[in-house]
Amino acid sequence: QVQLVESGGGSVQTGGSLRLSCAASGYSSSRLSMAWFRQAPGKEREGVAGINSNGYTKYADSVKGRFTLSKDKDKNTLYLEMNSLKPEDTAMYYCAAARGWVLATDILRQSEYTDWGQGTQVTVSS
């Protein structure tokens, strides 16, 4: 049984930092494509950052230069370091995984991912 478990969310003030983690378990292969998505109240879910099984990373324009994605292949864990947080970053953050390769251009496309975590809340106050 595959599972994605997110952690690291919380409440911070504008300019603060958080580090999200997503631990993947139950997969027979470590060659996963993984990504972070977020959904703010009243808004559609959007891609934040992702990495495909070849190691190519992609970021949403809104987080470039502030968020950094990394992956520990041995632990099958995805991290999202979030710095210079803004109130508009407030959302539920979800981890997603695809069992295999995702085109670089499709890394932030929700339909590419079959497995999803329960989410972790990030709240940034002004």
Side-chain angles (χ1 to χ4, degrees):
Q1 181 180 351
V2 299
Q3 191 174 21
L4 299 173
V5 178
E6 303 102 330
S7 61
S11 297
V12 297
Q13 292 188 328
T14 297
S17 298
L18 285 172
R19 187 192 194 208
L20 304 184
S21 299
C22 172
S25 61
Y27 291 92
S28 58
S29 171
S30 61
R31 289 186 59 79
L32 301 176
S33 297
M34 298 179 73
W36 288 98
F37 292 81
R38 67 185 180 187
Q39 187 168 21
K43 294 188 177 181
E44 293 186 354
R45 190 161 56 184
E46 62 177 1
V48 176
I51 181 169
N52 68 10
S53 56
N54 287 345
Y56 186 89
T57 57
K58 187 177 179 70
Y59 295 88
D61 289 342
S62 59
V63 305
K64 281 181 182 177
R66 300 189 299 121
F67 290 11
T68 303
L69 193 69
S70 60
K71 186 181 178 188
D72 185 327
K73 290 184 178 180
D74 292 334
K75 295 182 179 179
N76 239 4
T77 299
L78 186 69
Y79 302 98
L80 185 67
E81 186 76 34
M82 305 187 296
N83 298 314
S84 302
L85 283 162
K86 305 174 182 180
E88 50 263 45
D89 294 318
T90 295
M92 184 71 79
Y93 283 70
Y94 297 93
C95 177
R99 307 178 199 189
W101 180 58
V102 172
L103 280 170
T105 53
D106 295 337
I107 286 175
L108 298 184
R109 187 184 298 270
Q110 296 182 53
S111 58
E112 294 295 320
Y113 297 90
T114 54
D115 305 315
W116 293 82
Q118 294 299 308
T120 185
Q121 178 67 38
V122 171
T123 302
V124 185
S125 58
S126 57

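Note that the structure is a prediction, hence the values are computed from the model and not measured. The residues of the chain are indexed from 1 along the displayed sequence.
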Strictly distance-based, threshold 3.5 Å: is any side-chain N or O of [X] a donor or acceptor partner for the main-chain N or O of [Y]?
X	Y	value
Lys58	Ala35	no
Thr120	Gly9	yes
Asp72	Lys75	yes
Asn52	Val102	yes
Glu81	Thr68	no
Tyr59	Leu69	yes
Glu6	Gly119	yes
Thr114	Ala98	no
Ser33	Gly100	yes

Heavy-atom check, side chain of [X] versus side chain of [Y], under 4.5 Å:
X	Y	result
Arg99	Val2	yes
Ile51	Ile107	no
Val122	Leu20	yes

Spatial distance of atom OG (Ser125) from atom CD (Gln13) [nearest 0.5 Å]
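Reported to 0.5 Å precision, the distance equals 5.0 Å.
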Once you round to the nearest 0.5 Å, how far does CE of Met34 lie from OH of Tyr27?
7.0 Å
In residues 38-50, what donor-acceptor pairs under 3.5 Å come from side-chain atoms, sequence neighbours left out?
| residue | atom | partner | partner atom | Å |
| --- | --- | --- | --- | --- |
| Arg38 | NE | Glu46 | OE2 | 2.7 |
| Arg38 | NH1 | Asp89 | OD1 | 2.9 |
| Arg38 | NH1 | Tyr93 | OH | 2.9 |
| Arg38 | NH2 | Glu46 | OE2 | 3.2 |
| Arg38 | NH2 | Ser62 | OG | 3.4 |
| Gln39 | NE2 | Lys43 | O | 3.1 |
| Arg45 | NE | Gln110 | OE1 | 2.9 |
| Arg45 | NH2 | Gln110 | OE1 | 3.3 |

Which of parallel (below 30°), tilted (30 to 60°) and perpendicular (above 60°) describes Tyr113 and Phe37?
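The rings of Tyr113 and Phe37 stand perpendicular, inter-plane angle above 60°.
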Above 12 or not: heavy atoms from other molecules or residues under 6.0 Å from OH of Tyr79?
yes
Look at atom CZ of Arg109 and say whether more than 12 heavy atoms of other residues, nucleotides or ligands are closer to it than 6.0 Å.
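No.
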